[in-house]
**Student:** 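One structure, pasted below without further comment.
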Amino acid sequence: MTSAFTGLLAYPITPLHDDGTPHLDALGALVDRAVAAGVDGVTVLATSGAGTSFDDDERDAVVRTAVDAAGSRAPVYAGTADASVARAPGRARAAVRSGVAGVVLAPFSYLPLDDAEVGALFARVARAVPGVPVCFYNKPVQLGYDVSPELLGRLAADGSVVAVKDPASTVSRPAGRVAALRAGAPGIVVGLSGDAALVGSAEPADAWHTGLAALAPAEYVAVRRARVAGSAEDAAAREWLLDVARAVAATGRPITALHALATLLGTPTAPPRDALVPLTAADGVALAEVVGRRP
Ligand SMILES: N[C@@H](CC=O)C(=O)O
C-alpha cells in the first residue's frame, strides 16, 4: 500500500460562484480531471483552496465533493487549519467524517506560535483523529514559524505526524533541508512545495505539493513521473510549467492568479473572496499569453 502524502499531490483552488459561494460542480470536475490525469492525491482547503476563508458548512461540502469526485482512485486530504487554533481539532474531525484519507495542518495563528505551542497543537489534533495520517504543512514565510528537524522528529516519534510539506530549496532555503528533515525525523514522508523549484531543480523528495498540478495535471504528471524515473522529461511541458509558475509568482497574488489561470484553462470561477484584490490588467495579459502557449 502506498504511504499517505506521497507522489504528486494536487491542491485545487476552490472555484467560486459570482456570489462567492463554492462552485462545487466546478471543483468536482477539477478533482476528476486531476485524478484521471494520474496525480497521486488531492488536497483541498489548503493555501490554493483558501481553506480558512470558508465557514464550516462550506468546508464540509468542499471535502465531500472532492472525496466523491476522486472515488477510490486517489486519496483526498484536507487542510484543517483554522484562524483559531482551538478549532483545529474539530475541523480535523469534520474532515475525517467527510471521508479524507489524512489531514494537512499548518501552525496557523494570529501571532506566530513557538515550539511548545506547535507541539501541543499537533498533539491535540492527532488525539482528535486517532490513526489518521497528519501532514505538517510548514509555511515559514507566511506564518512566522519554521519547524525544526528536531521538533518534527519528536512529533513523528509520538505519532502526531507522518509527513511534512516544506518549501523547496531556494536562496532562502539552502539545499540539504530534505536530508536534515530525514535525519531529524527518520521515516517521515518529506514533501516539497514551490512550483518553480519543483519543476526546476528541487532536491528529490517523496512528494510534490502543488496548486498548479490541479490546473495543469497532465503536464505536471509527465514531469513528476520522468523525474522519479530518472528518464528524459517532456521538455515542452517542463518549460511551459516553469513559465506558468513564474507568471503566477510575478503577480505577487498567488491565489488570485490561480483563479485567473483556472478561468483561462476552462474552469468556471469568480475571483477569490474579498479582501483579495484583482490582478492588474498587465498581469492578466501576461497569464493569458503563457496559457496561449500551452504545448
Ligand atoms: N500551493 C499548495 C501546496 C503548496 O504549498 C497549497 O495550496 O497549499
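Whatever order the structure lists ligands and atoms in, that order sets their numbers, starting from 1. In this text the structure is predicted, and so the values were computed from the model without any measurement.
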**Student:** With sequence neighbours left out, which residue pairs that include part of residues 243-253 fulfil the side chain to side chain donor-acceptor pair (under 3.5 Å) condition?
**Tutor:**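 Only Asp243-Arg293 qualify under side chain to side chain donor-acceptor pair (under 3.5 Å).
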**Student:** One line per pair, note the atom names and distance for all nitrogen or oxygen contacts under 3.5 Å between ligand 1 and the protein.
**Tutor:**
from	atom 1	to	atom 2	distance (Å)
ligand 1	1 (N)	Ser48	OG	3.4
ligand 1	5 (O)	Tyr137	OH	3.0
ligand 1	5 (O)	Lys165	NZ	3.4
ligand 1	7 (O)	Thr47	N	3.4
ligand 1	7 (O)	Ser48	N	2.6
ligand 1	7 (O)	Ser48	OG	2.6
ligand 1	8 (O)	Thr47	N	3.1
ligand 1	8 (O)	Thr47	OG1	3.3
ligand 1	8 (O)	Tyr137	OH	2.4

**Student:** Check whether any side-chain heavy atom of Arg225 lies under 4.5 Å from a side-chain heavy atom of Val228, and answer yes or no.
**Tutor:**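 Sidechains of Val228 and Arg225: no contact.
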**Student:** Are any of the side-chain nitrogens in Arg173 or Asp166 under 4.0 Å away from the carboxylate oxygens of its partner?
**Tutor:**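 Result for this pair is yes, salt bridge flagged.
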**Student:** Have Tyr145 and Asp114 got a donor and an acceptor in their side chains that come within less than 3.5 Å?
**Tutor:**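 No.
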**Student:** Enumerate, atom names and distances included, each donor-acceptor pair closer than 3.5 Å involving a side-chain atom of residues 179-202, sequence neighbours excluded.
**Tutor:**
from	atom 1	to	atom 2	distance (Å)
Arg182	NH1	Asp206	OD2	2.9
Arg182	NH2	Asp206	OD1	3.4
Ser193	OG	Lys165	NZ	2.8
Asp195	OD1	Thr210	OG1	2.6
Asp195	OD1	Tyr220	OH	2.5

**Student:** Partners of Ala270 by side chain to side chain contact (heavy atoms under 4.5 Å, CB included), sequence neighbours excluded?
**Tutor:**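 Expected list: Leu16, Asp18.
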